[in-house]
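What follows is one structure encoded as structure tokens, with my remarks underneath.
A quick note: this is a predicted structure, and the numbers were derived from the prediction, not measured.
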Amino acid sequence: MIQRWFAWLGIVSILIPFPVAIAQLDQSQLKEITVRIDVEGNYKEDGGSGVIVRQQGQFYTILTAYHVVQEKRNYKVLIFNPSNQQIIGSHIINEKNIKQIDDYDLAEITIQSSAKYRTANIGDSQQLQPTDDLTVSGYPLPSSKITKRLSTPTLNLGKFNDKLPPDALLKGKKGATLKMDVATEVGMSGGAVVNKNGELVGILVEADKDASGNKSSSLAIPINLYPQWQAIRNSQRLSSRQPRTTPPSNSTRLDYTSLRDLLAAGKWKEADQLTSLVLVMLKEQKKGKDAFCENLRIIDQLWLSASKGKFGFSVQKEIYESLGGTRGYNNAVWKYFGDRVGWRKKGENRWLYYDELTFNAKAPKGHLPSHLPPPTLTDLPETHIFWVVWRTVGQEDVSRLLSCKSL
């Protein structure tokens with residue numbers, strides 16, 4: 001049952017200690033995330049490439065160079081199976097599906113599909129160092145070398161050269177500030193630039209030219225200029241830390257080794273996110289009240305021990321009951337509880353944003369864990385989740401906590 005839950009969620013069911021290294025991509029996986037963008041109609045000489053970066057339900061986000069899709073035309077996004085070069089996805093898009101990112105030569109494409117496509121692992125372009133190995137993936141346009149567009153992307157290896165100065169953004173580069181010593185061809189614009197770990201660090205956009213007009217290097221837009229890069233990366237890291245079941249396979253208890261380690265290291269925010277994710281899992285498992293309470297008791301003991309009795313479910317339960325709280329929802333009591341544990345903004349009569357919580361030992365008693373489902377499991381903007389949106393979810397957790405005599 002637990003294994004099926006993991007499969008449904010589409011996440012890795014092995015608990016990896018923090019910090020987590022994103023698994024390396026092999027060439028086949030790199031080809032899977034690279035899409036071909038054709039222009040419908042009599043524009044066979046045009047087109048480019050793109051890279052799948054995110055899935056949210058049946059919606060996928062693809063990044064490409066804006067100049068590839070800036071004309072008001074219909075475009076076709078083609079996704080291939082690299083093993084047999086067969087089309088597994090074909091999507092017609094136009095300006096309604098395309099959004100330019102700020103004033104950069106970067107565009108976001110949205111497609112809808114019930115198919116399962118691979119998404120890129122997101123890296124950090126700020127970590128690139130000169131001479132780092134890079135791989136560029138894209139679909140060249142027909143040329144003297146090829147008579148038609150291929151059904152598999154071309155992969156070219158090269159080196160990271162340097163970052164252009166910030167003022168290059170104002171000199172027509174439109175965000176293309178990563179310089180690379182790597183061969184590229186027309187049609188590969190919008191394709192993926194990945195580091196040696198297989199992480200997406202840039203979107204290929206153009207070839208840089210010297211004073212004589214000759215190609216000197218290739219340019220890419222750093223992934224860090226994409227507003228959602230950090231949220232997607234955090235989501236992937238959180239997903240890769242999912243708890244696994246402990247032997248035997250029918251056990252109702254989870255392995256909390258990583259939660260214990262995070263708490264021992266004082267990584268309160270990471271521990272809070274992992275705890276919230278476990279709460280979501282426990283609700284989905286439906287193993288019964290005893291199993292739910294047993295797991296909450298273990299989590300509570302870990303928080304109590306690490307915080308010297310300041311944080312934990314049992315601490316929150318004691319505070320809530322002291323305010324007259326019961327298993328029934330009472331808005332006034334719930335607000336009083338939020339004030340006591342520091343989940344509300346004093347003087348402003350509002351619930352805090354998640355990032356406004358205090359993730360250190362100076363937080364009010366009962367401040368953690370937060371009972372908030374991880375932002376990466378919602379469809380709301382990651383940095384704008386109001387506590388008020390989740391207060392009934394939190395109340396449900398409190399109700400279940402009150403029913404556990406082991407706390």
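Checked against side-chain hydrogen bond (donor to acceptor under 3.5 Å, both in side chains), Asn81 has the following partners two or more places apart in sequence or in another chain: Ser83. Not counting sequence neighbours, the partners of Phe359 by the ring-ring contact (aromatic ring centres under 6.0 Å, His included) test are Tyr354. For the ring-ring contact (aromatic ring centres under 6.0 Å, His included) test, residues two or more places apart in sequence or in another chain that qualify with Trp268 are Trp303, Phe311.
Annotation: side chain of Leu106 is not in contact with side chain of Gln100 (no heavy-atom distance under 4.5 Å). Lys76 has its side chain within reach of Leu78: a pair of non-hydrogen atoms, C-beta onward, lies under 4.5 Å apart. In this structure the side chain of Asp46 reaches within 4.5 angstrom of the side chain of Arg73, judged on heavy atoms. Put simply, the side chain of Thr147 does not reach to within 4.5 Å of the side chain of Pro142, judged on heavy atoms. Counting heavy atoms from C-beta on, the side chains of Val205 and Val68 never come closer than 4.5 Å. Taking 4.5 Å as the limit, some side-chain heavy atom of Leu155 sits within range of a side-chain heavy atom of Leu30. For the pair Ile92 and Glu40, the minimum side-chain heavy-atom distance is below 4.5 Å. A 4.5 Å side-chain heavy-atom check between Leu178 and Phe160 finds at least one atom pair inside the cut-off.
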* To do: Apply side chain to side chain contact (heavy atoms under 4.5 Å, CB included) to the pair Thr275 and Ile299, showing each step before the final yes or no.
  => CA-CA 8 Å; Thr275 299; Ile299 299 171; 3.9 Å; yes
* Asked: What do the steps show when you test Val53 against Ile122 for side chain to side chain contact (heavy atoms under 4.5 Å, CB included), and what is the final call?
  -> CA-CA 8 Å; Val53 298; Ile122 305 300; 4.3 Å; yes
* **Stepwise side chain to side chain contact (heavy atoms under 4.5 Å, CB included) test for Met180 and Leu219** => CA-CA 6 Å; Met180 307 171 293; Leu219 296 178; over 6 Å; no
* Quick one: do Gln58 and Ser113 satisfy side chain to side chain contact (heavy atoms under 4.5 Å, CB included)? Show the steps, please. => CA-CA 5 Å; Gln58 292 191 350; Ser113 176; over 6 Å; no
Pairs under 3.5 angstrom only: tabulate donor-acceptor contacts from the side chains of residues 131-139 to other protein residues two or more places apart or in another chain.
unit_1: Asp132; atom_1: OD2; unit_2: Gln129; atom_2: N; d: 2.8
unit_1: Asp133; atom_1: OD1; unit_2: Lys159; atom_2: NZ; d: 2.4
unit_1: Ser137; atom_1: OG; unit_2: Thr34; atom_2: OG1; d: 2.8

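Formation of a donor-acceptor pair under 3.5 Å by the Asp102 side chain with backbone atoms of Tyr104 is not found in this model. Distance alone, capped at 3.5 Å, places no donor-acceptor pair between the Lys310 side chain and the Leu304 backbone. Asp181 contributes no side-chain N or O that, together with a main-chain N or O of Gly158, makes up a donor-acceptor pair within less than 3.5 Å.
To the nearest 0.5 Å, atoms NZ (Lys335) and CH2 (Trp351) are separated by 8.0 Å. Taking CZ of Phe59 as the start and CD of Gln56 as the end, the distance is 9.5 Å to the nearest 0.5 Å. Between the CZ atom of Arg260 and the CG atom of Leu302 there is a distance of 8.0 Å, given to the nearest 0.5 Å. Rounding to the nearest 0.5 Å places CD1 of Ile87 at 11.0 Å from CG of Asn84. To the nearest 0.5 Å, atom CD of residue Gln55 and atom CD1 of residue Ile232 are 12.0 Å apart. In this structure, Leu259 CG and Asp272 CG are separated by 10.0 Å, a value rounded to the nearest 0.5 Å.
Minimum interatomic distance between His367 and Trp343 (heavy atoms only, all atoms of both residues): O-NE1, 2.8 Å. Contact detail for Met188 and Ser49: the closest heavy-atom pair is CA-OG, 3.6 Å. Closest non-hydrogen pair, Pro140 versus Arg149, comes out as O-NE, 3.5 Å. Shortest non-hydrogen contact noted between Ser218 and Thr184 is OG-OG1, 3.2 Å. Taking every heavy atom of both residues into account, Leu204 and Ala65 meet most closely at O-CB, 4.0 Å. Residue Ile101 comes nearest to Leu225 through the heavy atom pair CG2-O, 4.2 Å, listed as atom of the first residue, atom of the second, then distance.
Open room surrounds NZ on Lys365; 12 or fewer heavy atoms of other groups in view lie less than 6.0 Å from it.
Under the side chain to side chain donor-acceptor pair (under 3.5 Å) criterion, the residue pairs touching residues 85-99 are His91-Tyr117, with sequence neighbours excluded. Applying the salt bridge (Lys or Arg N to Asp or Glu O under 4.0 Å) definition to pairs two or more places apart or across chains, those involving residues 340-349 are Asp339-Arg344, Glu348-Arg350.
Aromatic pair Trp229/Tyr226: ring centres not closer than 6.0 Å.
Ion pairing between a basic and an acidic side chain is recognised when a charged N comes within 4.0 Å of a carboxylate O; Asp261 and Lys267 show no such pairing.
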